[in-house]
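Working notes, beginning with the structure itself.
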Amino acid sequence: MDYNFREIEKRWQQYWVENKTYKVTEDSSKPKFYVLDMFPYPSGAGLHVGHPLGYIASDIYSRYKRLQGFNVLHPMGYDAYGLPAEQYAIQTGQHPAVTTENNIRRYREQLDKIGFSYDWSREVRTCDPDYYKWTQWAFIQMFHSYYCNQAKQARPIYELIEVFAEQGTAGLDLASTEPMEFTAEEWNGKTEKEQQEILMNYRIAYLGDTMVNWSPDLGTVLANDEVSEGLSIRGGYPVEQRRMRQWCLRVSAYAERLLEGLDSIDWSDSLKETQRNWIGRSEGAVMHFTASNDFTFDIFTTRADTIFGVTFMVLAPESELVDQLTSEEQCPAVKDYVEKTKKKTERERIADRSVSGVFSGSYAIHPFTGEQIPIWISDYVLAGYGTGAIMAVPGHDSRDYAFAKHFNLPIIPLIEGCDISEESFDAKEGIMMNSGFLNGMTVKQAIPAAIDEVEKQRLGYRKINYRLRDAIFSRQRYWGEPFPVYYKDGMPYTLDESELPLELPEVDKYLPTETGEPPLGRAKNWTIKEGYPLELNTMPGFAGSSAYYLRYMDPHNSEALVSEKANNYWRDVDLYIGGTEHATGHLVYSRFWNKFLFDLSVSCEEEPFKKLVNQGMIQGRSNFVYRIKGTNTFVSYNLKEEHDVTPIHVDVNIVHNDLLDIDAFREWSPEYTSAEFILENGKYVCGWAIEKMSKSMYNVVNPDDIVEKYGADTLRLYEMFLGPLEQSKPWDTNGIDGVHRFLRKVWNLFYKGDDLLLSDEEPSKDELKALHKLIKKVTYDIEHFSYNTSVSAFMICANDLTSLKCNKRAILSELVVCLAPFAPHISEELWHALGNDGSVCDAEWPEFNEEYLKEDAFPYAISFNGKSRYVLEFPADATNEEIEAAVLAHQNSQKWMDGKTPKKVIIVPKKIVNVVL
RNA sequence: GCUCGGAUGGUGGAAUGGUAGACACGCAAGACUUAAAAUCUUGUGGCCAUUAUAGGCUGUGCGGGUUCAAGUCCCGCUCCGAGUACCA
C-alpha cells in the first residue's frame, strides 16, 4: 500500500469533525493552556502559502501541549470589518457583508485542508451582532469611566460627579484632555450641558477636538498606527492634518502601566523596544513663560539645564498660542506662513526638511535673566507633542541650531570646551558654563538641579511626557461597529446596555451623503427613543480585535463578554503567534483595552498575552525567462549574456527546480504559443529573484495546490523546515520533495508493498537510541520554537530506523506520537495501523530517557594547542586520569607531539582532549 | 539620524566557547529502464597532494583582543535588512 495522502487526509479531517476531537470545555482537573493566532482579515485574494506559517507553528504547539496533558484552548475567527470590503462595495455595490461572507467561506475551505486543531465551535466574527454587542458594551463602559492617577485605575464616572459636587477638583489627580480647576460651587452652578462638557474632559471614551490624520481619498480619519510616512497603510493614499471633533480613547492615561507591563511579559526584546519607543516616555519639566504682553504660556523641555542658552522660543503653526502671541504688524506675515504650512500634506512636510519660520513680533521674558527672547513660529515644532511650544537652545539642539543659523539668531555655548562652530553639541555630558547657578555642575547634576530651582521659584514643574497619543476612535465609514450613542441637545449619551447590540443599518450607497455626512447618514430612521439622532461614525478596525481573545473563552454568552468562571479558568493567552506589523497597533490597543477591563474586574489578568512569538514574513521567489529583444525567442539563463535580452516574470507554478515546463509556458499565454527556445543541455533554466509575494510578479503559491500535489502533512512540515520561524524568508517550492520523501520513508517503516510488517520484538539498543535522540531534540525544539531543526531530527531518525530495518511497535508508536503535532493526518493513520483506537491526539507525549543515549565507548578528539585533531576511543567509564595517561603514552611513539613535552592536558566533558605543548 | 536584527558552501540553513557546514535542496557518478521520469545507492566547502588510500593547508563579512580552544565572548569597522522619525 502506497502512502495515499489524499485519501488519508480526507478521512481523518472528516473523523475530527464527526468526533468533535478538538472541542474543549473548562476542565478543572487539567491545567489549561491557551494558544492563539492573530485572527485574519478575510481578504478577497484568499490565503497564499505565507499566511498559514504562524498558524502551523501554533497548531504544532497546541497539539504538543495537548499530548502533554494540558487542556488546550486553540480558537480561530475573523477580523471581518475593514476598508477593503467597503472599497469593493463602493465600486461594485456589493454589500460588504456578502463579500465578507464569501471570503470567510473561502478562507475556511483553505484552512480546513491544512488540518488545524481549532475548536471551530468557538469561532468569532467581529461583524456579527452577537460579537460586536460586546465591543459596543466596552465602549459604553469607557464612556462612563474616568482615570484616577492616584489609584492608577479606571473608576466609574458617577464617583467623579459626586466628588465634583462636594469639593470640585481640589485634591484630585485625573487623566484629562486639558487641566481644569473649579470649586464645588462653580460645578453646582453649571447647567446639565455645561457639566456634560466638563465630564468629556475626563471620560476614557470622549469626544475631542484634536489634530487628526485625514485621508481625503478614503474620506475618513486614521489612527497614527494606520499611517506611515504620510500615507495610509491600507491603499497608500496621502494623509493630511486637520482639526476635527472625533471620538477618542484615553490610551495615554495608561501609558505608564503599558510601559511597566512590558517587564512582566515574555515578548522579544525588539518588540518590547518598539512599544517602548511608541509610548515614548520622556522625563522633563513644564516651564511657564510670560510674554511682553503679559500673556503666559507653557513649554515642555527635557533639558531644563540649558535654560541659560535659550535665545528664542518657537510655536507650532497649528498652536492656539499663535493668535495670542502675534503682534499686529507681524500678523499678515504670520497668517501667510500658517496658511502655507496648512496646505502642505504630512508627506510634503516630511519630504521638505528645509528650515522655515516667521517671527511673531512678540517676546518672552527669560525667567532667570529677565532678558527679552523673540518668539518665532515654525513647522519643526509639532502641535501634538508637549504644549506645542518650545524654548530653543541652539547651542545644544541640532534642530534649534539649524533654525538659528538660518535666521541669524544668537547661539550660546553652555558646556566647557564644546565646539559649536559647525554643529550643536547635543550630548548630555560635560561641565556647565554661562549658566548662572548651574556653573561647574556636570550635565547629569544640572538637569535635576535646574528643575528643583524652577519648582522652588514656581516657574514650572516636573513632568513626564509621552509620545503615545489618545487613539482616535471614529471613522467616517460604513463597514464598522455603530456607536451605541445618540445626541440630545448636541451632547452625546449612550444607549442602555439592554438596547445592545445596536445593529448596523442598511444604506442605499456606501458613500458619504451629499452634505458630507458619513454613509450612516443615508440610513433610514437612524434615530432612537423620541427621535434622537444616532451617531453617524463607526468604530475603527482595532475596536473589534481588542478583546477577541476574551470572547473566545466564552463565545456564546449572551449575558456577559466573558463569564467570571470561564475567565478565571482560561485567564490569559499563554502563547500568541502573529506578525510584527501589529506591534504598535493592535498590540498596544489590546493591552490598553484589557487593562481597562482588568480595572473593571472583567478580565482577571492585567496583561493579555503572556508570551508572544512573531513569525517572519514569507517573501516570494520569482522566476524569469529571457526574451531576445524584438523576437519571440527565449534563451536559457546561462546563455543570456550572449544576447540582448529582456527578463520577463514567469509563473513559478510552471517552473520546477528552476527548469521551465516549456509546454506549460506555451499554453500560459497566447503570446507565447509559438515561442522558440535556446536551451542548455536540453533544458531551459530560469533566473530568479526574491520579491514580495504578489500576483503581478507571478510568484504567488497557493497552499491548496501544494496540498493537492504533496498533501497537507508535507505542506506543514515544509513550511516549518524552510527556516527559523521568526525569520523572514522566501518561499521556494524547490526542496519540498525532501520532506515528502521523509513521510514516505516513515510510511515504508510500516508497510512493505501492501503488507503491514510490524514486530512485537524488544527494540534493540540502536533503535532505542535513534528514538530517544529524536524525543530529546523534538521536545527541546518545540519548547523553543525551533521547528526547522526538529523536522531535521525526524529525518535523521527515519534514516536511522530505515537502515536498521526497524519495524518494532514499541519504537514506531512513540515515533508516531512525536510526529503527530507536525503531521497529524499520517500520524492518525499509522496510529491506527499500530492497532490503537481513538485519536492519536489523546496519546501521551513520550518520555525521554537519558539511559538510551549512553554509549559503551566514546571517541575522544585529541588536539594540540587547539589544532590538528586525532581521535582515540575510550570506554564510557574511563576516568580523566586514564585518558590523560593514555594520551601521554603516545608522546614518544607518535608524530603527534614532535617529541615535545606537554605542559598541560585538558580533558573537556565534550570528549575533547587538548594537549598544550 | 535613532533603535533592533543579521552576515557561515551553488541554495535554504545546523552548531549549551569544544571535531564548523547537521538536515534538506541542487549537482555529479552509479543501479533499475530500450529511453526518460520516478525511485534507490554513493560522493559533494575550497585549494594541494596521491594510481589509490592515508594525508596536508585553508576556511564562518573585515581588523584587533581574551582563551588550551572563538562562527559563538570583548573592542573597532564594512555591508545588508526591519522598524521609527523634526517627540524638544
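Quick caveat: nothing in here was measured; it's all calculated off a predicted structure.
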Does [X] place a side-chain N or O at less than 4.0 Å from the phosphate oxygens OP1/OP2 of [N]?
X	N	answer
Y385(A)	A88(B)	yes
S282(A)	A88(B)	yes
Q727(A)	G81(B)	no
N799(A)	A24(B)	yes
R621(A)	G12(B)	no

Give one of base, sugar-phosphate or nothing for [X], where a contact means two heavy atoms less than 4.0 Å apart.
X	result
N788(A)	sugar-phosphate
P724(A)	sugar-phosphate
S792(A)	base
D269(A)	nothing
I796(A)	sugar-phosphate
R741(A)	sugar-phosphate
R469(A)	base
T580(A)	nothing

For the side chain of [X], starting at C-beta, report the closest nucleotide among [options].
X	options	result
D379(A)	G13(B), C86(B), U84(B)	C86(B)
N914(A)	C23(B), A69(B), C4(B)	A69(B)
T789(A)	A14(B), A88(B), C4(B)	A14(B)
I912(A)	U19(B), A24(B), A14(B)	U19(B)
T301(A)	A88(B), C68(B), C4(B)	A88(B)
F721(A)	A88(B), A14(B), C23(B)	C23(B)
V908(A)	G18(B), C23(B), G13(B)	G18(B)
R744(A)	G13(B), U3(B), U39(B)	U39(B)

Roughly how far apart, to the nearest Å, are [N] and [M] at atom [atom1]?
N	M	atom1	answer
U51(B)	C40(B)	P	37 Å
U19(B)	C25(B)	P	26 Å
C27(B)	U11(B)	C1'	11 Å
A7(B)	G12(B)	P	12 Å
G63(B)	A54(B)	C1'	38 Å
U44(B)	G55(B)	P	13 Å
U60(B)	G10(B)	P	13 Å
U67(B)	U72(B)	P	16 Å

Mapping W278(A) and D397(A) to their closest nucleotides on RNA chain B, which lands nearer the 5' end? W278(A)

Nearest-nucleotide 5' precedence on RNA chain B, I736(A) against S786(A): S786(A)

Between S356(A) and F403(A), the two heavy atoms sitting closest are O-CE1, 3.4 Å

Looking at every non-hydrogen atom in both residues, tell me the closest pair between R303(A) and V443(A) and how far apart they are. NH2-CG1, 3.9 Å

Quickly work out the [X] [atom1] to [N] [atom2] distance and round it to whole Å.
X	N	atom1	atom2	result
M795(A)	G12(B)	CE	P	17 Å
N277(A)	A82(B)	CG	C1'	13 Å
M720(A)	C23(B)	CE	C1'	16 Å
L315(A)	A88(B)	CG	P	18 Å
I862(A)	A69(B)	CD1	P	17 Å
K729(A)	C80(B)	NZ	C1'	18 Å
Y780(A)	A22(B)	OH	P	20 Å
Y718(A)	U11(B)	OH	C1'	10 Å

Test your reading of the model: is there a side-chain donor-acceptor pair from S268(A) to the backbone of L271(A), 3.5 Å cut-off? yes

Ignoring hydrogens and geometry, is there a side-chain-to-backbone donor-acceptor pair from H396(A) to P413(A) under 3.5 Å? no

Using a cut-off of strictly less than 4.0 Å between a heavy atom of the residue and any atom of RNA chain B, enumerate the qualifying residues of residues 389-396 of chain A by number. I390(A)

K640(A) to Y637(A), cation-pi by 6.0 Å centre distance and 45° axis angle: yes

I want to check a possible cation-pi pair here: R467(A) against W278(A), using under 6.0 Å from ring centre and within 45° of the ring axis as the test. yes

Plane angle bin for W376(A) and F407(A) - parallel if under 30°, tilted between 30 and 60°, otherwise perpendicular: tilted

From CA spacing to verdict: side chain to side chain donor-acceptor pair (under 3.5 Å), S863(A), N914(A): CA-CA 5 Å; S863(A) 71; N914(A) 200 352; 3.0 Å; yes

Base partner of [N], which must satisfy Watson-Crick or wobble distances under 3.5 Å:
N	answer
U39(B)	A31(B)
C62(B)	G76(B)
A24(B)	U11(B)
U3(B)	A82(B)
U50(B)	none

Check whether any side-chain heavy atom of Y787(A) sits under 4.5 Å from a side-chain heavy atom of R716(A), and report yes or no. no

If you define the side chain from C-beta out and look only at heavy atoms, does anything of R621(A) sit under 4.5 Å from W731(A)? no

Would H740(A) and Y718(A) count as a close aromatic pair, with their ring centres under 6.0 Å? no

All salt bridge (charged side-chain N to carboxylate O under 4.0 Å, His left out) counterparts of E256(A), not counting sequence neighbours: R281(A)

Glycosidic conformation of G9(B), taking syn as within 90° of 0 and anti otherwise: syn

